[in-house]
Amino acid sequence: MKTDTTLIHFGRGDQSLEVRSVNPTVMRASTILFKDHATWQKYRELRKTERVLSYGARGTTTNFELEKLVCKLEKGYRAQLFPTGLAALAMVLLNYAESNAHFLITDGIYGPVRSICNNFLKRINVEIDFLKADASDVEQKIKPNTKLILCESSGSILYEVIDLPKLCEIAHKHSIPVAIDNTYSSGYLLNPLELGADISVIAATKYLSGHSDVTMGIAVVNQKEWKNFDKLPEMFGFTTSPDDAYLVLRGIRTLSVRMHKHEQSADQIVSFLKTRSEIKNIFYPKLASHLNHEIFMRDYKGTNGMITIEFDKNISKDSVIKFIDNLELFSIGASWGGYESLATQTIPPRTEEDLSKSGVFVRFHIGLGDPEDLIEDIKNSLDVLK
Ligand SMILES: *Cc1c(COP(=O)(O)O)cnc(C)c1O
């Protein structure tokens, strides 16, 4: 079954019913009732290995349908929902954390992960080293106590692309599991588990939900690494609401059409941005100048709607902020992956020295509006800088 068909046919509840709705029902519950004590006992056993109803905090059928669908999309063994993308990443780190363990994390990683490393993992004696954003220095940085490699590809500010098959080959030679933040591709543009990764994390907050009205994270794990993954969220009492699971399921049905539209519009906008002398650099993985462009073309189905530009160094931060404020069709706000277009000033993960030589960076999320209108808007706002 091809991906676009999976998006439509999976996670729709019990399809053997004689009469049913198109979408799965939203089952809201804390207490789940069992017809007799033997059944209660049976489900207590079953829940050790399977997704079955047992208590609302462990998810209901709505949550299970979403897990099944994303697991199928990502070609994993099992999936686990989390209240946010960050919570999913935190659980991955926690799952491998032990005193004197060593983790390798790529420099392009989602910013708040650094705070987990610096404030929590350090305290429990987990040592962290950061890799180059493309993980090209992984071999030199592996230690005998390295327990996990966590990477992000493409990064979410400069879209650094990692040669994932190569990274996984090196990691597995040392028996180290590889986790990837796959939010850029959102289970659509890249299949990390097929390329060797053990764990793929998606912030469903972004493209999977697609409508900026829910936060959720999903970790998809292969059989080898599944081990404790379903135990940790229970242990810590992490749960997700069935209403939110429903919203994400609903969003996913249109993932394919949305992703193609985001990409086509981003392509057009990149072509326009290339003509502007105010812009020194454009970060977009389809450009031949992009870091690891060939690997992107080899492994990814396409881009999403993210573009980052670096203005010429002569353009001041105040002017760039004026540019952002003058945009009419782009809003200012964190997160991305919805239908709306966004523009925010951003600081990429670079050294202070590099940043002192750089211009100001702006990240766009190209939404689902007409790209010609968006181009007109950017053009008008750039003209104000003259
Ligand atoms: C947004 C984002 C997250 C975190 O998701 P939340 O649901 O906002 O916690 C993690 N990784 C990447 C790459 C993201 O863009």
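Here the structure is a predicted model, which is why all the values come from computation and not from measurement. Atoms within a ligand are numbered from 1 in the order they appear, just like the ligands themselves.
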Engineer: Could I get the full list of salt bridge (Lys or Arg N to Asp or Glu O under 4.0 Å) partners for Arg253, not counting sequence neighbours?
Structural biologist: none
Engineer: Tabulate distances under 3.5 Å between N/O atoms of ligand 1 and N/O atoms of the protein, writing both atom names on each line.
Structural biologist:
from, atom 1, to, atom 2, distance (Å)
ligand 1, 7 (O), Gly85, N, 2.8
ligand 1, 7 (O), Thr205, OG1, 2.5
ligand 1, 9 (O), Gly85, N, 3.2
ligand 1, 9 (O), Leu86, N, 2.9
ligand 1, 11 (N), Asp181, OD2, 2.6
ligand 1, 15 (O), Lys206, NZ, 2.5

Engineer: Would you say that Gln345 contacts Lys317 through its side chain, given a criterion of any heavy-atom pair below 4.5 Å between the two side chains?
Structural biologist: yes
Engineer: How would you list all residue pairs meeting salt bridge (Lys or Arg N to Asp or Glu O under 4.0 Å) that involve residues 131-141, not counting sequence neighbours?
Structural biologist: Asp137-Lys141, Glu139-Lys173
Engineer: Checking Gln41 against His37: is there a side-chain donor and acceptor pair closer than 3.5 Å?
Structural biologist: yes
Engineer: Ion pair present between Arg28 and Asp243, side-chain N to carboxylate O less than 4.0 angstrom?
Structural biologist: yes
Engineer: Name each donor-acceptor pair under 3.5 Å that joins a side chain in residues 85-96 to protein atoms two or more places apart or in another chain, with its distance.
Structural biologist:
from, atom 1, to, atom 2, distance (Å)
Tyr96, OH, Glu225, OE1, 2.5

